[in-house]
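As structure tokens, the structure follows; a few thoughts come after it.
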Amino acid sequence: FVFQEFNLLDNFTVEDNIFLPLVLADKTYDEMHSRIVPIAKELGIAELLKKYPYEISGGQKQRAAVARALITNPRLILADEPTGALDYETGKEVLQLLQDICQTQGMTVMIITHNSALAPMAHKVIRFRSGKVTSEEVNATPRPIADIEW
């Protein structure tokens, strides 16, 4: 799960926050380290791993939260406004990463957003109003996030 408000623990470093699901799964440090390096590089947070959440920006916190969700190689990621605290370019990078993971690893990412401009990147779009489904549509060929302006 990628929370809109990050849900990072202030007394843990960014690295430890990302490692938390793997620690709970009783993984070795070597395995945790081998998983974090490529994710941290891809999200542009490799240099922040030894910092604490209170030392980094909101956008950096959100990227750490995305890394924490990806570190376990899940089949499903639920993301509540995953770009809400990010600038436009960083938001596109995070969405591109999520889209790439869906395509290359067969992972499902469910994004909850108020930004309907992101709809063309999805395979399926479900719109709600007042807790009820108002429409559903399937995109046979989702557009790359790089082609979408919002």
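- Within the model, atoms CG of L22 and CG of L24 stand 9.0 Å from one another, a figure rounded to the nearest 0.5 Å.
- Residues V23 and Y29 share a hydrophobic cluster, clusters being chains of Ile/Leu/Val/Met/Phe/Trp/Tyr side chains in contact below 4.5 Å.
- Both V37 and V14 are assigned to one and the same hydrophobic cluster, defined by single-linkage of ILVMFWY side chains at heavy-atom distances under 4.5 Å.
- Hydrophobic clustering places V109 together with L118 (ILVMFWY residues linked when any side-chain heavy atoms are closer than 4.5 Å, directly or through intermediates).
- Here the straight-line distance linking atom CD of Q62 with atom OG1 of T83 works out to 8.0 Å at 0.5 Å rounding.
- Side-chain contact between L98 and V2 is absent, with no heavy atoms from C-beta onward closer than 4.5 Å.
- Evaluation of the salt bridge (charged side-chain N to carboxylate O under 4.0 Å, His left out) test over residues 48-57, restricted to residues two or more places apart or in two chains, returns E15-K50.
- Side-chain atoms of K27 do not come within 3.5 Å of backbone N or O of F19 as any donor-acceptor pair.
- Using a 4.5 Å cut-off between side-chain heavy atoms of Ile, Leu, Val, Met, Phe, Trp and Tyr, with links allowed through other members, V66 and F12 fall into different hydrophobic clusters.
- T13 places none of its side-chain heavy atoms less than 4.5 Å from the side chain of L49.
- One finds the CD1 atom of I39 at 4.0 Å from the CD1 atom of I71 (value rounded to the nearest 0.5 Å).
- Scanning both residues, P53 and N17, for their nearest heavy atoms gives CG-ND2, 3.8 Å.
- Side-chain atoms of N73 and R35, non-hydrogen and from C-beta on, do get closer than 4.5 Å to each other.
- Note on residues 57-68: no pairs pass salt bridge (charged side-chain N to carboxylate O under 4.0 Å, His left out), not counting sequence neighbours.
- Between I45 and A64, the shortest heavy-atom distance links the atoms CD1-CA, 3.8 Å.
- When all heavy atoms of A117 and I148 are compared, the closest pair comes out as O-CG2, 3.2 Å.
- Residues D16 and L20 fail the side-chain proximity criterion, which asks for heavy atoms closer than 4.5 Å.
- For residues 75-89, the set of pairs meeting the salt bridge (charged side-chain N to carboxylate O under 4.0 Å, His left out) definition, not counting sequence neighbours, is empty.
- Put simply, I18 and M107 are part of the same group of oily side chains (I, L, V, M, F, W, Y) that touch within less than 4.5 Å, one to the next.
- Annotation: ring-ring contact (aromatic ring centres under 6.0 Å, His included) contacts of Y54 (sequence neighbours excluded): Y52.
- For the salt bridge (charged side-chain N to carboxylate O under 4.0 Å, His left out) condition, the pairs that include at least one residue of residues 132-145, sequence neighbours left out, are K124-E136, R127-E137.
- No donor-acceptor pair closer than 3.5 Å links the side chain of Q60 to the backbone N or O of L48.
- Using a 4.5 Å heavy-atom cutoff, the side chains of I77 and L70 are in contact.
- Atom CD1 of I111 sits about 8.5 Å away from atom CD of Q99, to the nearest 0.5 Å.
- A distance of 6.0 Å separates OG1 of T108 from CG of L76, quoted to the nearest 0.5 Å.
- F3 is linked by a ring-ring contact (aromatic ring centres under 6.0 Å, His included) to F1, counting only residues two or more places apart in sequence or in another chain.
- Counting all heavy atoms, side chain and backbone alike, Q96 lies closest to I145 at OE1-CG2, 2.7 Å.
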